[in-house]
Visitor: 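Have a look at this one.
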Amino acid sequence: MGGHFRLLMQVAFRNLFTSKINLLIGGIIFFGTLLVVVGGALLDSMDSAMSRSIIGSVAGHIQVYSDDSKDELGLFGNMGGEPDLAAVDDFSRIKPVLEKHPNVKTVVPMGTNGALITSGNTVDLTLARLRDLYKKRAEGGETPGLRENIDSLKSHVRQMVALMEEDLVRSQALLSESARTPEEKESLVRARSEAFWNTFEQDPFDSLEFLENRIAPQIPDGDMLYLRYAGTDLDAFQRTFDRMEVVDGQPVPAGQRGMLLSKFFYEEYLKLKTARRLDLIKQERDVNKKTIATDPQLERWVKENQTQTRELLFQLDPIKTRLAVERLQKVLGTQEPKLEKLLSTFLATDDANFDTRYAQFYSELAPLLELYRLRLGDSLTITAFTRSGYVQSVNVKVYGTYQFKGLEKSALAGALNLMDLMSFRDLYGYLSADKKAEIADLQKQSGVQAVARENAEDALFGEDSGNSLVAEATPGVIDEKDAFTGALDSLRRDDLAKRIYSQDEIEQGVVLSAAVMLKDPEQLPRTMAELQQSAKDAGLKLRVVSWQQAAGIIGQFVLMAKLVLYFAVFIIFVVALVIINNAMMMATLQRVREVGTMRAIGAQRSFVLGMVLVETLLLGFVFGAGGALVGSGIMAALGSAGIPAGNEALYFFFSGPRLYPSLSAGNLIAAFVIVLVVSSISTLYPAFLATRVSPLKAMQTDE
Amino acid sequence: MNPAAKAPIVSITNVTKDYNLGKVVVPALRGVDLQVHPGEFISIAGPSGSGKTTLLNLIGCVDTATTGVVSVAGQDTKQLSERQLTNLRLHTIGFIFQSFNLVSVLTVFQNVEFPLLLQRKLDKAQRRERVMQLLEQVGLAGHAKHRPNELSGGQRQRVAVARALVTRPQLVLADEPTANLDSVTGQHIIDLMKELNQKEGTTFIFSTHDAKVMNHANAVWRLADGKILDRLSASEAQRAMAVGGH
Ligand SMILES: Nc1ncnc2c1ncn2[C@@H]1O[C@H](COP(=O)(O)OP(=O)(O)OP(=O)(O)O)[C@@H](O)[C@H]1O
Ligand SMILES: [Mg+2]
């Protein structure tokens, strides 16, 4: 037996390097193994990097939500908007059940939703500020300081109206279809007239209303923004997701209402567009080494900066306009008096002057401008549809911005803004059975059918606090129809913003899901099953899903990407199989005489079969090992250098700016097994053919 | 000559062989009777297409007769399975081919050792001894480590002779063993075969066109058109060739 096998090995080994066909097959096996090793390791590394991104940003290892939900949980949103989830009535009831499990580290309450916010156009914002000043004057009387502010804002508004008229004239001059109706033109003429401004002070609120209703809507720069937010226990969130860090501003004080905007969202949607574009150009130039001259995207941004200066012009009142003109004249060394022209020239950046212009923009112009449409510390009005179909508005103070370390540039990780649970519940507007009963109770007590707003508030927020659930009647929640105007209400709103909620208050109430972080992630499937069971035992109708399922469309996207890649590998191997098969057939045909001779001098068919198989296996081993070795070398090199995430979308999948892939023993073994299986399968038929070679072939003389 | 002393090692009775070429049937052998006894050194002669190769293939158990009985070493080959036929070839018959048919990737030593490995009878040391003994007999002991393509045609055929004889077969078949060699080298191979025939008592059957080669045979069976013409002794054959050859 030993000699027999040795002979097989000898023949096979000798054949290995003498036959050109074998070298071809070996080459295929070599590259096949290389591909599987490198591709598999990259895919696995990306998978685990992405899982770190998902787990570390919002999902945790496991998400738990109500089993009554119509849709499946999709933390990153699903096709066609937010998933329709049933609420978990009381987080404090599910928390202990989940926390009981020995492998559970933390449980964080959560609810994601989306809402529209109006970021407001510049005219609107200026008018609102002017209105505030007049209000202040009505309450506390006029002071010289107040008068000065009012006058400054008034001249700012006049300047804006002048700019608008200019636009109107320009569009008429171009004979373009004027978008403005005669009515709008008429309003503009009135707002431009000396008469209007002379009589402004007679009834300032009336004048303001005219401007707000007739002039402001003619400015198109106000945006409706879609804001995705997650209501959560912010302290628990920070503790659990340790990649989260506050970038600007401050964290929401413990127990208080408030929001942290995602830094990405803040920059992308709330920053002055000109400044944002400059930032993006700088980033592309510095990080990705692109140039304005060669990259069409950068060129477009420069063009947009040149032509879209309105946003800047509107922001500047006459005094700031003069300052800006002086500074730009100095920087550009011209006498051009018109700010619009100056800006356009200044922003016509090229690769040579970009860096200086960028610095000049931030040192000279930025101090005169509001760089963000929302200042940190200001309140944001969020309008959302409640469960019961009402439109609900809630004012939430924005304390700062946050990001996940390593995912700064990822639009996906940066899509979610964080909000306290109280505000979330207000916007969600869900009435649990308990709360409904409570309100009914209140209504009975006060003896009226529709309980008055004040009564409900007092009753709910008097002594036995903790009920912020009745959205329709919660202070701080603005009903679209009658916005708060009275001093009393704003006082109450302040109270609410400053109120410190106890942990119980935060936890006793509606959430949409709970994120569960595990001590040992390896135990995920088992822990999931056990949590599902203990929820059932506790009489809770909960769905327990892994982070992958919870990531919704993103989780599926990665699965799809994997499937596509595996499919590609499969196709490659099918092709390899066919090629190897054909090559082996040729090799067999070439060796018909040799095989025939062996058969004639007494080799059994099994010997011939063994010979061909051993040869292929040896081929697989030798070249497969070579491919695996080279693949390991490549992975080691990539692992230490890292693969840069060339575009922002990849940050999420790389879990940072670079992916440091690693190679596992599993990758190597899988590659080896696949290669050996493929090469053996592809040899079966040629091997069978070889056994059918007749010993008569030995007798044939050379052609 | 005393052919009836022992039981024949090859006995062919009324054998026909047809090659079926679709529509046409080519009768290669048409009723052949022939007996070869142990220790004989037999030549099969005849013009091209007369059926020499066909006959040797039947005796060598690499092909089967259409009708008639071919029995080798007392066994009717028709009754044997493919496996048994292979074993018969391995243990009883040695082959020498016209084109030598060495395994090109193996050394001279490994080529000669090949049948011994298939037999699995001897251990490594025994195999070594046997192989070296045969290489010495064919005068190639110094070339044990060479590859076939490093040898001349005559040397290759000597390796083939060594390979055919290494298992000490009762019967060695050689289909035109000298056809690819020049006459001097061919002469040497025949001399070598004859020597082994006399020393070891191995039975040889070989086919040839060459009258000089035929000289060495104890007897010559002449084939024509798929039939045995006659069986001549060496001297008869020489005379017949001398007449017929001119
Ligand atoms: N595989 C085959 N298929 C069909 N016909 C064959 C085959 N082998 C041989 N024949 C035919 O059988 C007859 C005998 O052929 P064979 O090869 O036995 O003759 P030979 O005496 O060996 O001739 P040569 O001296 O040329 O080698 C010839 O007519 C030949 O054409
Ligand atoms: Mg022939």
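Here is the naming used below: chain letters follow the sequence lines, and residue numbers restart at 1 for every chain.
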Visitor: Return each pair, listed once, that meets ring pair (Phe, Tyr, Trp, His ring centres under 6.0 Å) where at least one residue sits in residues 581-622 of chain A; pairs must be two or more places apart or across chains.
Guide: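 For residues 581-622 of chain A: A:His4-A:Phe607, A:Phe607-B:Phe114, A:Phe621-A:Phe672.
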Visitor: According to ring pair (Phe, Tyr, Trp, His ring centres under 6.0 Å), does anything in residues 566-588 of chain A pair up with another residue at least two apart or in another chain? List the pairs.
Guide: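 As it turns out, there is no ring pair (Phe, Tyr, Trp, His ring centres under 6.0 Å) pair with a partner in residues 566-588 of chain A once direct neighbours are skipped.
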Visitor: Is it true that atom NZ of B:Lys78 has more than 12 heavy atoms of other residues, nucleotides or ligands lying nearer than 6.0 Å?
Guide: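 Yes, NZ of B:Lys78 has more than 12 neighbouring heavy atoms, counting only those of other groups under 6.0 Å.
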Visitor: Quick one: which of B:Leu88, B:Leu102, B:Leu116, B:Asn57 has the most heavy-atom pairs under 4.5 Å with chain A, could you say?
Guide: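 It is B:Asn57.
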Visitor: Does atom CZ of A:Phe31 have more than 12 heavy-atom neighbours from other groups under 6.0 Å away?
Guide: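 Not more than 12 within 6.0 Å, no.
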Visitor: Checking B:Glu113 against chain A: side chain, backbone, both or neither under 4.5 Å from a heavy atom?
Guide: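 Side chain only.
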Visitor: Within the supplied structure, the quantity of interest is the number of heavy atoms (other residues, nucleotides, ligands) at a distance under 6.0 Å from B:Glu129 CD; does it exceed 12?
Guide: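 Incorrect, the count does not exceed 12.
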Visitor: Relative to chain B, which segment of A:Arg591 carries a heavy atom at a distance below 4.5 Å: side chain, backbone, both, or neither?
Guide: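 Neither part.
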Visitor: Of the backbone (N, CA, C, O) and the side chain (C-beta and beyond), which part of B:Thr167 lies under 4.5 Å from a heavy atom of chain A, both, or neither?
Guide: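 B:Thr167 has no heavy atom closer than 4.5 Å to chain A.
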Visitor: Given heavy-atom pairs under 4.5 angstrom as the criterion, report whether the side chain, backbone, both or neither of B:Gln110 touches chain A.
Guide: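 When you check distances to chain A, only side chain atoms of B:Gln110 fall under 4.5 Å.
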Visitor: Determine yes or no for a side-chain-to-main-chain donor-acceptor pair under 3.5 angstrom, with B:Asn101 supplying the side chain and A:Ala698 the backbone.
Guide: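 Indeed, once roles are kept as given, a pair shorter than 3.5 Å links the two residues.
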Visitor: How many angstroms lie between OG in A:Ser606 and CZ in B:Arg83, if you round to the nearest 0.5 Å?
Guide: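 Rounded to the nearest 0.5 Å, the OG-CZ separation comes out at 5.5 Å.
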Visitor: Side chain of B:Arg89, backbone of A:Gly602: donor and acceptor closer than 3.5 Å?
Guide: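 Flag not set: sc B:Arg89 to bb A:Gly602 has no pair under 3.5 Å.
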Visitor: To the nearest 0.5 Å, how far apart are CE in A:Met699 and CG in B:Leu173?
Guide: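 Reported to 0.5 Å precision, the distance equals 8.0 Å.
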Visitor: Under a 4.5 Å cutoff for heavy-atom pairs, which residue among B:Thr86, B:Val62, B:Thr53 has the most contacts with chain A?
Guide: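 The answer is B:Thr86.
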Visitor: Under 4.5 Å between any side-chain heavy atoms of A:Ile601 and B:Phe97, yes or no?
Guide: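 Answer yes - side chains close enough.
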Visitor: Decide if atom CZ of B:Arg147 counts as having more than 12 heavy atoms of other residues, nucleotides or ligands within a radius under 6.0 Å.
Guide: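 Yes, the 6.0 Å shell around CZ holds more than 12 heavy atoms from other groups.
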Visitor: Check each atom of A:Gln604 against the heavy atoms of chain B and say whether the ones under 4.5 Å are side chain, backbone, both or neither.
Guide: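 Contact with chain B involves both backbone and side-chain atoms of A:Gln604.
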